[in-house]
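What follows is a set of notes on a single structure, which appears directly below.
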Amino acid sequence: MLNIVLFGPPGAGKGTQSEKLIEKYKLTHLSTGDLFRKHLGEGTELGILAKKYMDQGHLVPDEVVIQMVEDKISSTPDSKGFIFDGFPRTTAQAEALDTMLQKNAMSISGMIALDVPEDILRERIKERGKTSGRADDQDDEKITTRIKVYLSETLPVAEYYEKQGKFTKIHGVGQIGEIFENISEVIDAY
Ligand code: AMP
């Protein structure tokens, strides 16, 4: 079973690559950002809670995210494996994910980190904001906050997997298809 953490800052291309990867490897896409946006659209209690944080570019509290991921994993028992996109975003989430997977006799195959310089991230996020309708994609200050939060709270997660010998960095600038080929090569080696 393949369980992959697709990692990188906002705008790195995780969503785009995930779509292609789930098609190729028949995996389940688990994007915590997408799940929160779904709850938000449906006006659930969880969505209303998450919105307060998302609108500011801050992280939703760990316990809320972890519970949502646990529910998603247990409601997909027939999955051939997961692409985790936008999760884990803190070391506490990474530890919780390991525990969750162990309970189900699964583990993380590896983390693939998309490396993109900050100026390109900003350009991509603003471009996406023209069509995504996402408030957090359209405001310079919110984009700055999201990048800062990534650097301070999320980047340590890379080290967590590096220590386990499960970390690979991929250059995330260039043709989408070429980046996809490079990611596929890493996955094929798992
Ligand atoms: P994304 O679509 O991954 O950029 O996520 C959009 C927003 O959802 C983030 O800026 C956070 O507010 C929230 N979010 C998504 N995933 C997580 C997570 N793993 N931990 C905490 N907050 C998250």
Side-chain angles (χ1 to χ4, degrees), residues 3-22 27-74 76 82-101 108 111-116 118 120-161 172:
N3 288 302
I4 292 149
V5 176
L6 194 56
F7 188 77
K14 302 185 294 293
T16 305
Q17 293 296 336
S18 291
E19 290 304 328
K20 294 172 75 68
L21 292 167
I22 53 165
L27 300 172
T28 306
H29 186 197
L30 200 162
S31 156
T32 42
D34 285 354
L35 287 175
F36 282 131
R37 280 184 288 277
K38 188 161 179 277
H39 276 281
L40 225 140
E42 290 168 357
T44 68
E45 212 174 299
L46 177 59
I48 293 162
L49 173 88
K51 184 172 163 39
K52 282 194 295 187
Y53 299 94
M54 294 170 80
D55 276 355
Q56 301 305 316
H58 292 137
L59 294 184
V60 178
D62 282 337
E63 60 275 18
V64 176
V65 189
I66 290 165
Q67 186 60 55
M68 183 176 71
V69 171
E70 206 157 9
D71 291 346
K72 175 75 183 171
I73 292 178
S74 53
T76 346
F82 292 88
I83 302 261
F84 295 99
D85 161 6
F87 178 87
R89 253 174 158 103
T90 62
T91 308
Q93 291 179 18
E95 286 165 355
L97 178 61
D98 273 349
T99 308
M100 262 183 248
L101 293 176
I108 290 296
M111 167 189 266
I112 300 174
L114 294 171
D115 187 32
V116 178
E118 187 171 327
I120 298 182
L121 294 176
R122 286 178 174 280
E123 271 170 36
R124 285 188 188 172
I125 295 171
K126 292 206 84 171
E127 194 55 36
R128 181 173 68 187
K130 289 181 190 165
T131 53
S132 70
R134 285 177 55 172
D136 61 347
D137 280 349
Q138 296 174 34
D139 181 296
D140 279 320
E141 213 175 299
K142 286 177 190 165
I143 296 172
T144 300
T145 304
R146 285 162 70 201
I147 293 174
K148 270 197 194 148
V149 167
Y150 168 79
L151 294 173
S152 62
E153 296 183 50
T154 304
L155 204 52
V157 179
E159 212 177 299
Y160 178 86
Y161 289 99

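Nothing fancy with the numbering, it's 1 onward along the sequence. What's counted below: heavy atoms across the whole structure, side chains too, no hydrogens, waters or symmetry copies. Both counts, for ligands and for their atoms, begin at 1 and track the order of listing.
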- Note on the structure: On a heavy-atom basis, the closest approach of Ala135 and Asp55 is CB-OD1, 4.4 Å
- Task: State which residues pass side-chain contact (heavy atoms from CB on, under 4.5 Å) with Ser74; sequence neighbours excluded, sorted by chain then number.
- Result: none
- Message: Which heavy atom of Ala94 sits nearest to which heavy atom of Val157, and what is that distance?
- Response: CB-CG1, 4.2 Å
- Distance filter under 4.0 Å to Gln93 heavy atoms, resulting ligand 1 atoms: 18 (C), 19 (N), 20 (N), 21 (C)
- Closest heavy-atom contact between His39 and Met68? CD2-SD, 4.2 Å
- For Arg146, atoms of ligand 1 separated by under 4.0 Å from a heavy atom: 4 (O)
- Could Asp137 and Arg146 be called an ion pair, given the rule that one side-chain N must be under 4.0 Å from one carboxylate O? yes
Report all side-chain donor-acceptor pairs from residues 57-65 shorter than 3.5 Å, counting only partners two or more places apart or in another chain.
residue: Asp62; atom: OD1; partner: Thr90; partner atom: OG1; Å: 2.9
residue: Asp62; atom: OD1; partner: Gln93; partner atom: NE2; Å: 2.9
residue: Asp62; atom: OD2; partner: Thr90; partner atom: OG1; Å: 3.4

- Counting each atom of ligand 1 from 1 as listed, which ones have a heavy atom of Arg134 under 4.0 Å away? 1 (P), 2 (O), 4 (O), 6 (C)
- Query: Would you say ligand 1 has an N or O under 3.5 Å from any N or O of Pro88?
  - Reply: no
- Note on the structure: Counting from 1 in the order shown, the ligand 1 atoms closer than 4.0 Å to a non-hydrogen atom of Thr32 are 15 (C), 16 (N), 17 (C), 18 (C), 19 (N)
- Query: Going through the distances and angles, do Leu30 and Ile73 end up as a side chain to side chain contact (heavy atoms under 4.5 Å, CB included)?
  - Reply: CA-CA 9 Å; Leu30 200 162; Ile73 292 178; 4.1 Å; yes
- For ligand 1, indicate whether the residue His58 contacts it via side chain, backbone, both or neither (heavy-atom separation under 4.0 Å). backbone
- Task: Would you check whether Asp136 has a nitrogen or oxygen atom less than 3.5 angstrom from a nitrogen or oxygen atom of ligand 1?
- Result: no
- Looking at ligand 1, does Arg37 have a heavy atom less than 4.0 Å from it? yes
- Task: May I ask you to identify the nearest protein heavy atom to atom 22 (N) of ligand 1, giving residue, atom name and distance to one decimal place in Å?
- Result: Val60 N, 3.0 Å
- Item | Whether Gln56 lies under 4.0 Å from ligand 1, heavy atom | no
- Task: Apply side chain to side chain contact (heavy atoms under 4.5 Å, CB included) to the pair Ile83 and Lys14, showing each step before the final yes or no.
- Result: CA-CA 10 Å; Ile83 302 261; Lys14 302 185 294 293; over 6 Å; no
- Would you mind running through ligand 1 and noting each atom that sits below 4.0 Å from a heavy atom of Val65? 18 (C), 19 (N), 20 (N), 21 (C)
- Task: Compare Met68, Met54, Arg89, Lys14 and give the one whose heavy atom is closest to atom 3 (O) of ligand 1.
- Result: Arg89
